[in-house]
There are 2 protein chains.
Amino acid sequence: MNATSSDVAKHAGVSRATVSQVLNGYAERFAPETAAKVFASAAELGYEPSAAGRALRRGSSDFVVALLPHTTFGGNLQDLFEQMTVTLADHGYTLVLRMAGSAASTLDKMIAGMKPAAVFSLTPFTDDERAVLDRRNVLAIDPPSVSQVDYNRAIGRMQGAALVEGGHTRLAYAHLRDERHDPFGFAREEGLREVAREHGLPDVQVVDVSIDLDRASASLGELAVPGVAIACYNDDVAMALLAAARVRGLEVPRDLALIGMDRTDLSRIAVPRLTTIEYDMVAAAGAGTASLLQALGAGAPRPTAAPAVLSLIAGETI
Amino acid sequence: MNATSSDVAKHAGVSRATVSQVLNGYAERFAPETAAKVFASAAELGYEPSAAGRALRRGSSDFVVALLPHTTFGGNLQDLFEQMTVTLADHGYTLVLRMAGSAASTLDKMIAGMKPAAVFSLTPFTDDERAVLDRRNVLAIDPPSVSQVDYNRAIGRMQGAALVEGGHTRLAYAHLRDERHDPFGFAREEGLREVAREHGLPDVQVVDVSIDLDRASASLGELAVPGVAIACYNDDVAMALLAAARVRGLEVPRDLALIGMDRTDLSRIAVPRLTTIEYDMVAAAGAGTASLLQALGAGAPRPTAAPAVLSLIAGETI
DNA sequence: ATGAAAGCGCTAACAC
DNA sequence: GTGTTAGCGCTTTCAT
């Protein structure tokens with residue numbers, strides 16, 4: 001096992017250069033039967049090119065590094081990265097994941113050492129990260145460079161529109177208290193604010209919510225219930241407020257309207273069923289991957305329109 | 001930027017061989033002032049050794065691949081991998097993450113191409129994965145090779161013990177219906193069965209539960225309620241059954257006892273508060289990292305005793 | 001105490 | 001059409 005291109009060359013009775021060319025998409029330069037012999041030998045020997053050898057020669061590797069947001073790592077994100085892994089593999093790239101939180105110095109080491117073809121992030125790079133990436137001269141892709149659409153603002157707007165549509169006029173935004181888990185909140189709050197302004201509604205109230213019954217209940221106490229309509233950072237926040245409302249004897253949506261975000265599995269067991277927004281990770285990953293590939297010089301041209309990745313999931317909490 | 005060892009050598013006025021030796025822990029072979037010059041030059045130029053060059057020379061890279069289980073472990077997962085990233089970096093290894101689900105063929109490609117120092121998984125390797133790893137001759141570390149303790153069986157036993165302790169005699173095990181998300185269920189069910197046997201209780205009933213109110217309610221209908229005590233695959237399953245019980249007008253724990261697993265954030269907003277089991281990821285990561293390092297020939301000897309990573313979280317559902 | 005030389009596996013330019 | 005050659009950056013004998 002672990003055949004090299006020399007082994008393949010020997011087995012096929014050709015030179016290493018020929019093996020390399022054939023296996024790298026220039027098969028048509030050769031006699032069909034030569035190419036066939038090469039393919040057959042490679043398959044028979046289980047040959048896979050050495051990433052190290054190739055990287056050394058080409059100056060950069062086939063690795064694409066994705067920085068994982070320091071946010072709850074649920075099933076959705078997993079699906080997203082899984083799809084990216086597969087799509088990138090189709091184009092010869094290998095996706096590896098990396099915790100974004102880990103110190104910038106170790107990021108630097110990794111970048112410098114592994115010379116990835118690109119570094120990708122779902123959230124904007126921090127200044128430290130950006131500095132490292134620039135210094136090491138790596139293709140860096142983050143949301144601002146992928147799309148002009150600010151999805152987080154759009155999410156806030158969509159939540160606001162749904163609440164207004166339901167006849168509510170006093171809007172509030174509920175952040176997740178632990179900021180580490182809420183990298184998107186402020187843009188969403190801003191989207192909600194915009195909707196309030198556009199409809200001439202009073203300014204939105206803001207609360208921080210912990211995923212804890214007592215503390216969520218206390219947060220509810222900060223708002224002027226009944227009569228408030230809350231756009232939540234995610235479904236966990238919404239579920240916490242829903243439970244708190246029940247404990248406080250408030251009826252949803254009569255006394256308190258709620259809209260979540262993410263359509264988590266657990267939001268399906270809420271009583272009453274949670275109104276929420278679904279983010280189509282697969283579509284988003286497709287768009288992200290597409291612009292990544294394009295930036296890498298592979299793949300199709302960038303789609304002109306941003307894909308529709310947000311959809312409202314009807315429930316009974318508005 | 002992106003200096004090579006030649007650059008450092010030139011800058012320090014020594015040979016590349018000297019740079020390599022000094023920077024790889026053999027500084028004391030040289031005159032102190034020579035070593036100092038090398039260190040200074042390396043730092044000044046921001047030199048980081050090329051992973052490709054090193055891997056090519058050494059035959060295997062400094063990468064350690066961690067396979068991510070396709071399961072939602074709550075936010076703890078991140079803390080775990082972040083800690084592993086840092087600890088391994090201290091020993092010169094670079095941790096990269098990889099979705100376990102992605103087809104075995106792309107795993108093979110990655111392993112063959114990147115020649116990682118080790119592949120690590122929190123869940124036992126599948127037969128496919130094991131085959132790939134063996135064939136490519138890679139150091140493979142999974143829980144069975146880390147510890148003789150079967151944590152999943154231990155979890156089932158712990159759940160059973162808690163239910164028996166609470167005076168319940170008719171035990172049941174609730175799997176998550178989507179098998180893709182339930183890689184550990186059967187070992188846990190087996191642990192529960194053992195407890196039932198040891199206490200002379202009737203055999204445990206088994207149900208599959210979906211995270212969906214109606215379907216969870218139907219699952220409840222399959223069990224002989226009231227009077228059953230259910231060990232759940234995870235807190236999500238427990239929360240679904242809790243909501244279903246409420247809809248059906250069953251009182252917990254009088255008509256139905258429940259114990260979850262994972263202590264997710266959301267289990268803290270259950271009413272009544274969910275009794276569950278917490279898995280100490282950080283301790284587990286510490287143990288895993290230790291044995292990984294030992295297997296790699298670095299690091300301290302393997303701790304003799306398995307760390308205590310499971311603890312019962314009191315609630316009101318038993 | 002330090003340097004010269006060889007070679008890991010690969011691919012691109014060029015020769016034939 | 002196919003092979004020869006050179007060299008990517010590194011580490012490791014082996015000389016000196």
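The structure presented is a predicted model; accordingly, all values stated were derived computationally and were not measured. So that the names make sense, note that chain A is the first sequence line, chain B the second, and so on, each numbered from 1.
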Next on the checklist: Students often get this wrong, so: under 4.0 angstrom with heavy atoms, is B/Tyr47 touching a base, only sugar-phosphate, or nothing?
Outcome noted: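 Sugar-phosphate, backbone atoms only, no base.
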Checklist entry - Within the structure shown, what part of the strands sits under 4.0 Å from A/Ser20 by heavy-atom distance: base, sugar-phosphate, or nothing? => result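 Base: the residue A/Ser20, judged by heavy atoms under 4.0 Å, touches a nucleobase.
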Check whether [X] reaches the backbone of [Y] with its side chain - one donor and one acceptor, N or O, closer than 3.5 Å.
{"X": "A/Ser61", "Y": "A/Lys115", "result": "yes"}
{"X": "A/Asp62", "Y": "A/Thr94", "result": "no"}
{"X": "B/Asn24", "Y": "B/Gln21", "result": "no"}

Checklist entry - For B/Ala12 and B/Ser41, which heavy atoms make the closest approach, and how far apart are they? => result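 For B/Ala12 versus B/Ser41, the nearest heavy atoms are CB-OG, 3.4 Å.
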Checklist entry - Which heavy atom of A/Leu310 sits nearest a heavy atom of A/Ala154, and at what distance? => result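 Taking every non-hydrogen atom into account, CD1-CB, 4.1 Å.
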Dump the pairs, protein N or O against N or O of nucleotides 3-5 of chain D, anything under 3.5 Å, distances to one decimal.
{"residue": "D/dG3", "atom": "OP2", "partner": "A/Ser15", "partner atom": "N", "Å": "2.9"}
{"residue": "D/dG3", "atom": "OP2", "partner": "A/Ser15", "partner atom": "OG", "Å": "3.3"}
{"residue": "D/dG3", "atom": "OP2", "partner": "A/Thr18", "partner atom": "OG1", "Å": "2.7"}

Indicate whether OP1 or OP2 belonging to [N] is found under 4.0 Å from a side-chain N or O atom of [X].
{"X": "B/Ser50", "N": "D/dC8", "value": "no"}
{"X": "A/Arg58", "N": "C/dA12", "value": "yes"}
{"X": "A/Thr4", "N": "C/dC8", "value": "no"}
{"X": "A/Arg29", "N": "D/dG1", "value": "no"}

Euclidean distance, atom [atom1] of residue [X] to atom [atom2] of [N] [Å, nearest integer]:
{"X": "A/Glu33", "N": "D/dG1", "atom1": "CD", "atom2": "P", "result": "12 Å"}
{"X": "B/Lys10", "N": "D/dG9", "atom1": "NZ", "atom2": "C1'", "result": "13 Å"}
{"X": "A/Asp62", "N": "C/dG9", "atom1": "CG", "atom2": "C1'", "result": "14 Å"}
{"X": "B/Asp7", "N": "D/dG9", "atom1": "CG", "atom2": "P", "result": "8 Å"}
{"X": "A/Tyr26", "N": "C/dT11", "atom1": "OH", "atom2": "C1'", "result": "11 Å"}
{"X": "A/Asn2", "N": "C/dC8", "atom1": "CG", "atom2": "C1'", "result": "14 Å"}
{"X": "A/Leu56", "N": "C/dT11", "atom1": "CG", "atom2": "P", "result": "11 Å"}
{"X": "B/Glu48", "N": "D/dG9", "atom1": "CD", "atom2": "P", "result": "15 Å"}

Item to check | Partner residues of A/Gln83 under the side-chain hydrogen bond (donor to acceptor under 3.5 Å, both in side chains) criterion, sequence neighbours left out | outcome: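 Per chain and number, A/Gln83 pairs via side-chain hydrogen bond (donor to acceptor under 3.5 Å, both in side chains) with no residue.
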Next on the checklist: On DNA chain C, does the nearest nucleotide to B/Gly53 precede the nearest nucleotide to B/Thr34 from the 5' side, or the other way round? Give the residue.
Outcome noted: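 Its nucleotide being nearer the 5' end, the pick is B/Thr34.
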Item to check | Beyond-backbone contact of A/Arg136 with B/Asn2, side-chain heavy atoms, under 4.5 angstrom | outcome: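 A/Arg136 reaches B/Asn2 side chain to side chain.
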Checklist entry - A/Arg57 side chain: which of C/dC8, C/dA12, D/dT2 is closest? => result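 Per side-chain heavy atoms of A/Arg57, the pick is C/dA12.
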